[in-house]
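Per chain, numbering begins at 1; letters A, B, ... match sequence-line order.
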Number of protein chains: 2
Amino acid sequence: MIDERKKQVLHAIVKDYVTTAEPVGSRTIAKKYDLGVSSATIRNEMSDLEEMGLIEQPHTSAGRIPSDKGYRFYVDYLMEKEELDADEINNINMFFTKRLSELDELVQETCRMLSHVTKYTALVLVPKRSEGKLEKIQMISVSPHQVLVLIVTDTGFINHRVIDLRQAISPRRLQEINFFLQEKLYGLSLEQVNRTLLGEISIHIARQEQLLDLALELMEQALMDRGDERVFTGGALNMLNQPEFRDVEKVKTLLGMLEEEEIVKKLLHKQLREGTEIFIGGEIPFEGINKCSVITGTYKVNGRVVGSIGILGPTRMTYPKAVSVVETVTDQLSLVLAKMFR
Amino acid sequence: MIDERKKQVLHAIVKDYVTTAEPVGSRTIAKKYDLGVSSATIRNEMSDLEEMGLIEQPHTSAGRIPSDKGYRFYVDYLMEKEELDADEINNINMFFTKRLSELDELVQETCRMLSHVTKYTALVLVPKRSEGKLEKIQMISVSPHQVLVLIVTDTGFINHRVIDLRQAISPRRLQEINFFLQEKLYGLSLEQVNRTLLGEISIHIARQEQLLDLALELMEQALMDRGDERVFTGGALNMLNQPEFRDVEKVKTLLGMLEEEEIVKKLLHKQLREGTEIFIGGEIPFEGINKCSVITGTYKVNGRVVGSIGILGPTRMTYPKAVSVVETVTDQLSLVLAKMFR
DNA sequence: TGTTAGCACTCTACCCTGTTGAGTGCTAAT
DNA sequence: ATTAGCACTCAACAGGGTAGAGTGCTAACA
């Protein structure tokens, strides 16, 4: 059905198209990749490959380009692993020696680095906060009517939020509440805190203190604030160097989508099971992200998958290298995080 | 030299070009804006205006477009104030009723709103931290070897940063240091803290405690972290709707510049003296930001200018409306901030 | 039977050309 | 000083012709 030679031809087409961005013809293949047969033979093979839906013609009398299905076949069966060269490995390792002590920062920088190394767009999903266990919760008086709530989890997440109180609160009383909260909530996941204990605590405090509003606000605002997880993107403009984005309309829709947190999250979120995955062209469930592929990988803390990174490029991207980069970076990231919260 | 009629002609040219984005000819002016003279007369006037450098021809046999100098004249002498319509005012006011209790968030949201209302790109500079006076400094133990430093200023700036310690520190001792720092530093500007007291404190603590490294790290990392002020941009993609950015290369350079914090800062920073200012075309000191104008305005806390906002659009932008928006928003912003830190 | 050379055919990209229409600048008349 | 009229310029567009890349088919070949 799909014999060795067809594979070679498909492989050649993908390789060539990835580097040139031009439809590739039978003659080109015969000359550049010597398969030991003439262009005419290759023409026949290409005709078959087209029938199978693995390649397609932009128009008659143009060469062929791989279809999504073609890339899929390539990625699954043809592609050979490509080790990064010394320079790149060096770059990445150098980066990870830089000590960044806060999660957000680390992630953001990783994003930059990723896009820089790959020349594609990088996406990084920061761990769900609610996955982490509460390490510390503390309220600190800022002004008589304002309290700063500080939350730290064991996955390194730190968040603060100012809450306006309707009535003043004494520092002393604040201390007590702090103590109480810390006792009650330590070691619970934020989700648990949010779901199960919300009622109990607010009642408890309210009974003692008529501070129901404070308690409610605390919970609602501090824990449920802007989304439960965050994403960063880097190098979105790299896409503009790709010939498939020479049209401003396409640029607009693509960049527009990348600005929507929700969409980026879904791009990365699809799987939070361990490992690297590749989504090609139409496999990405968004109209508007056309002719693009995403490679995702996950990183871990304490053996738990806590987030994922992704590389977004044209379907015509250099898969082997991109996969290698994703894998090296996720590994390194996991290592660094392990050290960070040992 | 430049008589009333010339002004009228220039005014007409600017108005027309702003809405159509097409070079405007003498006939168009004669028909649409009845100045009571024929196109031939207008042609003569235009010839004069061109000689004066206020308008220019993209090529012979095209209409004229305003030059930077022409826009400058328009902005300085011709433009009439334009009140916002009820809808827009409503929009803005509605926005400011939303209660956002944290500065960063408020500013970021303002940015979104601004770009949405104007359909241009919005830039917002968040107050210099070092302008604010220290309201609170506190170190909170996160783990035996990690301390979270929290800084709050009277301008509403809140920052935290985790510091890794080389030796463990007891909660009790931390308390003492907190007390000491709070005493010593309260009410000083962060700059002062940074510059003058750095030495004194580190020596003081070190003598008592051999915690020189802690003190140093504290100061260096917590106070000097990533830049002293931050900027947000919003609606950068709006620029893609402007016909002058139909070319991907231009898009790339412009968006590239907007991604550089330093550049955006300078765009806004130029003046932190009170009031609205307009920078047209070449008056913006960046190659690469071509055919663009910026309108900036400042907002205040306690009568002190603490930050500025800007609108970036094509030189061919609707100045009167943009100015009105900037002015309404800075006013409202100052009001909200006043409430926030009364 | 698989492979190849050869050839007719197709289609895009490019260049050249002519035409149209908007707009100017000049001149002479009012 | 203003205007009508006219010659002139130039970008934008459309049509036509050509070159080149590439295909598909057929017939010959090993």
Let's see if you can work this out: which of [options] has an atom nearest to the side-chain heavy atoms of [X]?
X     : options                : value
B:M46 : D:dT2, C:dT24, C:dG25  : C:dT24
A:Q57 : C:dG25, D:dT23, D:dC10 : D:dT23
B:R5  : D:dT2, D:dG24, D:dG22  : D:dT2
A:V37 : D:dG24, C:dT4, D:dT3   : C:dT4
B:S61 : D:dT23, D:dT3, D:dT9   : D:dT9
B:T60 : D:dT23, C:dG25, D:dC10 : D:dC10

[X] [atom1] to [N] [atom2]: how many Å, rounded?
X     : N      : atom1 : atom2 : value
B:R43 : D:dG5  : CZ    : P     : 12 Å
A:H59 : D:dA21 : NE2   : C1'   : 9 Å
B:R27 : C:dG21 : CZ    : P     : 13 Å
B:I13 : C:dG23 : CD1   : P     : 12 Å
A:E22 : D:dG20 : CD    : P     : 17 Å
A:E45 : D:dC25 : CD    : C1'   : 17 Å

Does B:S26 reach a base, just sugar-phosphate, or nothing at all? Heavy atoms under 4.0 Å.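 Sugar-phosphate, no base atom in range.
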Is B:A40 touching bases, backbone alone, or none of the nucleic acid, heavy atoms closer than 4.0 Å?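 The residue B:A40 makes base contact.
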Is atom CZ of A:F286 surrounded by more than 12 heavy atoms (other residues, nucleotides or ligands) closer than 6.0 Å?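 Yes, the 6.0 Å shell around CZ holds more than 12 heavy atoms from other groups.
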Residues 25-35 of chain B, side-chain donor-acceptor partners within the protein, below 3.5 Å, at least two apart:
unit_1: B:S26; atom_1: OG; unit_2: B:R43; atom_2: NH1; d: 3.3
unit_1: B:K32; atom_1: NZ; unit_2: B:D16; atom_2: OD1; d: 2.8
unit_1: B:Y33; atom_1: OH; unit_2: B:D16; atom_2: OD1; d: 2.7

Polar contact flag, side-chain donor to acceptor under 3.5 angstrom, A:T276-A:E327: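 Present: a donor and an acceptor within the cut-off.
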